[in-house]
Amino acid sequence: MKRPVLFLDFDDVICLNAPYGGYAVKAAIDQGSFRSAQDLHEKLFDSEAKRFLAAIDDEFRPVYVLSTSWRLLFQQSELIEILNYCGLPFVTQRLHPEWSTPVQQRQGLRAAEIKSWLALHPEFSDGWVVLDDKLSGSGFKMWNPQDRSFLVLCQEYVGFREAEYSRLRDALQRRVR
């Protein structure tokens, strides 16, 4: 089975920003208290979203590329620490060496950032999926219907749930055939 790349967003996908979000983590890191912040570790990423992502990882072993805006707030080493401490070490274990999409001049161009990353990595041109949210993913409507069929958008404040899991699993199955 070939390993697909999964472009992963955080906000409104695995992090619902309640009770914690990226800025709470940034403050804890800046204050040197992140490693001891057990409540933050347990509640930053939604437990159901983590469970669904782990199931995807177990079945497909994707290569991960972070398309989240958190890459603007944190260094790579900090993101790895966050993912490891907060229950997603399998993501860090399978990060692509070019671990994030390139930052565009204007925000809100997630779709363009992903296309730019894919242009630099043609080996994944027919082996990718996107897990994002509807707000950040508004630029995807410009993609052709074929490409959009490998895009799974989560509802804001709800995140990665069973319906999205099923759609992502289907998209990955079509990619690895």
Colleague: Looking at every heavy atom in both Gln146 and Ser149, which two are closest together, and how far apart are they?
Modeller: O-OG, 2.6 Å

Colleague: What are the two closest heavy atoms between Glu164 and Leu153, and how far apart are they?
Modeller: CG-O, 3.9 Å

Colleague: Which atom names give the shortest non-hydrogen contact between Pro62 and Arg3, and what distance separates them?
Modeller: O-NH2, 3.6 Å

Colleague: Quick one: CD on Gln155 to CG on Leu135, what's the gap to the nearest 0.5 Å?
Modeller: 10.0 Å

Colleague: Check whether any side-chain N or O of Arg94 sits under 3.5 Å from a backbone N or O of Arg61 as a donor-acceptor pair, and report yes or no.
Modeller: no

Colleague: Check whether any side-chain heavy atom of Val129 sits under 4.5 Å from a side-chain heavy atom of Val152, and report yes or no.
Modeller: no

Colleague: Assess the residue pair Leu40 and Tyr85 against the criterion (side-chain contact (heavy atoms from CB on, under 4.5 Å)); give the C-alpha distance rounded to whole Å, side-chain angles, the decisive distance to 0.1 Å, and a yes or no.
Modeller: CA-CA 9 Å; Leu40 180 62; Tyr85 271 83; over 6 Å; no

Colleague: Please report the closest heavy-atom contact between Ser67 and Asp132, naming both atoms and the distance.
Modeller: OG-OD2, 4.4 Å

Colleague: Show me the donor-acceptor pairs within less than 3.5 Å that the side chains of residues 13-24 make with the rest of the protein, sequence neighbours left out.
Modeller:
unit_1 : atom_1 : unit_2 : atom_2 : d
Asn17  : ND2    : Asp11  : OD1    : 3.2
Tyr20  : OH     : Asp39  : OD2    : 2.5

Colleague: Measure from the side-chain N and O atoms of His41 to the backbone N and O of Ser36, and report whether any donor-acceptor pair falls under 3.5 Å.
Modeller: no

Colleague: For Arg110 versus Ser136, what's the shortest heavy-atom pair and its separation?
Modeller: NH1-CB, 3.4 Å

Colleague: So Leu83 and Phe10, side-chain contact (heavy atoms from CB on, under 4.5 Å) or not? Walk me through it.
Modeller: CA-CA 11 Å; Leu83 290 164; Phe10 288 4; 3.8 Å; yes

Colleague: Please output the side-chain donor-acceptor pairs of residues 74-82 that fall under 3.5 Å, not counting sequence neighbours, one pair per line with the distance.
Modeller:
unit_1 : atom_1 : unit_2 : atom_2 : d
Gln76  : OE1    : Trp99  : NE1    : 3.2
Glu78  : OE1    : Gln75  : N      : 2.8
Glu81  : OE2    : Arg35  : NE     : 2.5
Glu81  : OE2    : Arg35  : NH2    : 3.2

Colleague: Applying side chain to side chain donor-acceptor pair (under 3.5 Å), name anything that partners Thr92, two or more places apart in sequence or on another chain.
Modeller: Asn84

Colleague: Glu48: which residues meet the salt bridge (charged side-chain N to carboxylate O under 4.0 Å, His left out) condition with it, sequence neighbours left out?
Modeller: Arg51, Arg161

Colleague: Once you round to the nearest 0.5 Å, how far does CG of Leu131 lie from OH of Tyr64?
Modeller: 9.5 Å

Colleague: Would you call Thr101 and Ser116 a side-chain contact if the rule is heavy atoms closer than 4.5 Å?
Modeller: no

Colleague: Would you say Leu109 ends up clustered with Met142 if hydrophobic residues are merged whenever their side chains have heavy atoms under 4.5 Å apart, either directly or through other cluster members?
Modeller: no

Colleague: Under the side chain to side chain donor-acceptor pair (under 3.5 Å) rule, collect the residues that match up with Lys26, sequence neighbours excluded.
Modeller: none

Colleague: Pair Asp147, Lys115 - check side-chain contact (heavy atoms from CB on, under 4.5 Å), show working.
Modeller: CA-CA 11 Å; Asp147 284 350; Lys115 287 291 186 180; 2.5 Å; yes

Colleague: Apply side-chain contact (heavy atoms from CB on, under 4.5 Å) to residues Leu6 and Leu168 and explain how you reach the verdict.
Modeller: CA-CA 10 Å; Leu6 191 160; Leu168 185 61; 4.1 Å; yes

Colleague: Go through the structure and list residues passing side chain to side chain contact (heavy atoms under 4.5 Å, CB included) with Ser47, not counting sequence neighbours.
Modeller: none

Colleague: Provide the closest heavy-atom pair for Glu98 versus Leu120 in the form atom of the first, atom of the second, distance.
Modeller: OE1-CD1, 4.5 Å

Colleague: Look only at the side chain of Lys134 and the backbone of Asp12, and say whether a donor-acceptor pair between them is shorter than 3.5 Å.
Modeller: no

Colleague: Using the rule that two of Ile, Leu, Val, Met, Phe, Trp, Tyr join whenever any of their side-chain heavy atoms come within less than 4.5 Å, decide whether Leu73 and Leu8 are in one cluster.
Modeller: yes

Colleague: Should Asp46 and Lys43 count as an ion pair when the cut-off is N to O under 4.0 Å?
Modeller: no

Colleague: So, taking the atom named CZ in Phe60 and the one named CG in Leu172, what distance separates them when rounded to the nearest 0.5 Å?
Modeller: 5.0 Å

Colleague: Assign the ring pair Phe52 / Phe160 to parallel, tilted or perpendicular, where the plane angle (0 to 90°) is split at 30° and 60°.
Modeller: perpendicular

Colleague: When you group the ILVMFWY residues by side-chain heavy-atom contacts below 4.5 Å and let the links chain together, are Val158 and Leu44 in the same group?
Modeller: no

Colleague: Determine the interplanar angle of the Trp143 and Trp128 rings, folded into 0 to 90°, and report it as parallel if under 30°, tilted if 30 to 60°, perpendicular if over 60°.
Modeller: perpendicular

Colleague: Return yes if some donor-acceptor pair links the side-chain N/O of Arg71 with the main-chain N/O of Thr68 below 3.5 Å, else return no.
Modeller: yes

Colleague: Using the six-membered ring wherever Trp is involved, compare the ring planes of Phe124 and Trp117 and label them parallel, tilted or perpendicular (cut-offs 30° and 60°).
Modeller: tilted

